[in-house]
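Each chain gets a letter, A, B and so on, in the order its sequence line appears, and its residues count up from 1.
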There are 2 protein chains.
Amino acid sequence: MTPPPEGTPGRRPGGRSARVRAQVLEAVRAELGEHGYEGLTMEAVAARAGVHRATVYRRWQDVGGLLADVLDAAGEDDWGPPDTGSLLGDLTALNEEIQESLVVQPSVPQALMAAAFRSARAAEAQQRLWEDRYARCEAVVERAVARGELPPDTDARELLIAATAPLYHQLVLLRTPVAPRAAVRAATAAALAAGAGAFGRSERGPAGRPPAGGRSVPG
Amino acid sequence: MTPPPEGTPGRRPGGRSARVRAQVLEAVRAELGEHGYEGLTMEAVAARAGVHRATVYRRWQDVGGLLADVLDAAGEDDWGPPDTGSLLGDLTALNEEIQESLVVQPSVPQALMAAAFRSARAAEAQQRLWEDRYARCEAVVERAVARGELPPDTDARELLIAATAPLYHQLVLLRTPVAPRAAVRAATAAALAAGAGAFGRSERGPAGRPPAGGRSVPG
DNA sequence: ATCTTAAAGCAACAGTTGTCGCATTAGTGG
DNA sequence: CCACTAATGCGACAACTGTTGCTTTAAGAT
């Protein structure tokens, strides 16, 4: 979050302010990568950024503010979901990406989730990021529907959550090591349920129609 | 966690120590209920328990230690999963319990999960609690298998995680309001996938019936 | 170039947090 | 009832955290 709204007249988005912001955000990421969330202090960030403590406090208030800014910056990339040609392939690849980002130690995403518990501002930023990511992933479902792999009234969000939630649950909440094939397993289960109409938008459960096309599982 | 192992000779588990512990743990729960996790300070807990600050620091070290003790105490109850007579009913009822405990504000379970991010000791205690709860829930799957609702080689833990993860994901991580029928939806999807053999312990995916339609995925 | 003024630097300060040595209390065993 | 000592109470203290007023720097405009 850039405290001074960038467009306001009288502001100075150029030169130093921008430089300081970049230095500080970079320092935050570096500290997160080295010491994780617990090790993240305003003091260390300021020192690493080569900036005075008071400056960091004034612009970002607290650790939550710093992370909120990092989160917002993270949402500005051009990430898109994998496109492998099949629903199961897409979901599996997506899960593998998720798994990879969560198992590295220390994991920046993990740290950001932790931060969301401590700071309301970080929580809001985190929510925006989730929303953005899941929205982009809806393309996966739309393609599957277009291919005839899924019923047209499939609730994309619900399917995506069902597919990805187990990995987050185990790696973030349960903190359990996951089996190597966990990504495929979760993707398979979700795809299977979706094919059977479990995520139809109509209030009725699994539709009466037979699961359309698509092999349900790889070899 | 009770720092002095209860059985050690020379210790004094009776009278005052036990009383102080009870007062402090009760104070922690009360503070959690009133101010949530962020509002939980050693100072406030000590004051509420009518105990000196130094005592709390000495016995529990930090906030994480306090919550670890609360978590361990929580695992000593006689909770068991619902038994409704069907797999879908059990999973749905379970999800509704979960949902209920997570939506009340402030939610003690949420606070405990938040704590697990901050303190290694709390994280370990949390892990023990999860393990205990999921282990107890395996009864649900065993009953379903006995009824013939599920293939005998169903991996109970995987099924349970698939069924419950979406709710945790939305309520804890995404912090999104969930549809009233979310509990049933997630339970249905998991039960459906499980019935099709998606959680079989053999390495092959869904077993039993051939993939419906048999059409190959374009790609 | 020069002026104006956001924004950063600086240092002193108050509030909070965690630690420590010592005095006091109260279980426990004789 | 008494002696022993683990555990708590107490208060002083250092370290850390965040705030504030003032000074200095440098971006942007004339």
To the nearest 0.5 angstrom, please state how far the CD atom of B:Gln99 sits from the OG1 atom of B:Thr92. 11.0 Å

D:dG18, D:dT8, C:dT19: which one has an atom nearest the side-chain heavy atoms of B:Val20? D:dT8

To the nearest Å, how far apart are A:Met42 CE and D:dA15 C1'? 18 Å

Under-3.5 Å donor-acceptor pair between A:Arg58 side chain and C:dG9 base: yes

Using 30° and 60° as the class limits, which term best fits the ring planes of A:Trp130 and B:His169: parallel, tilted or perpendicular? perpendicular

Can you measure from CD1 (B:Ile161) to CD (A:Gln170) and round to the nearest 0.5 angstrom? 4.0 Å

With nearest nucleotides of DNA chain D determined for A:Ala54 and A:Thr41 from heavy-atom distances, which residue corresponds to the more 5′ nucleotide? A:Thr41

Should the side chain of B:Arg19 and the base of C:dG27 be counted as holding a donor-acceptor pair, with the cut-off at 3.5 Å? no

Can you measure B:Leu40 atom CG to C:dT17 atom P for me and round it to whole angstrom units? 11 Å

Salt bridge or not between A:Asp77 and A:Arg133? Use side-chain N to carboxylate O under 4.0 Å. yes

Strictly below 4.0 Å: does A:Arg59 bring a side-chain N or O up to OP1 or OP2 of C:dA8? yes

note: B:Arg53, atom CZ; D:dA12, atom C1'; distance rounded to Å ~ 11 Å

For A:His52 and D:dT25, give me the distance from atom NE2 to atom C1', rounded to whole Å. 14 Å

Closest to the A:Thr55 side chain, choosing from C:dT19, D:dG18, C:dG9: C:dG9

Spacing of OH belonging to B:Tyr57 relative to NE2 belonging to B:His52, to within rounding of 0.5 Å: 11.0 Å

Under 4.0 Å between a side-chain N/O of B:Tyr57 and OP1 or OP2 of C:dT19, yes or no? no

Nearest of C:dC10, D:dT8, C:dA8 to any side-chain atom of A:Ser17? C:dA8

Please report the distance, rounded to the nearest Å, between CD in A:Glu43 and C1' in C:dG9. 14 Å

Take atom CD of A:Glu38 and atom C1' of D:dC16, then tell me their distance rounded to the nearest Å. 18 Å

Between P on C:dG18 and CG on B:Leu66, what's the gap in Å once rounded to a whole number? 11 Å

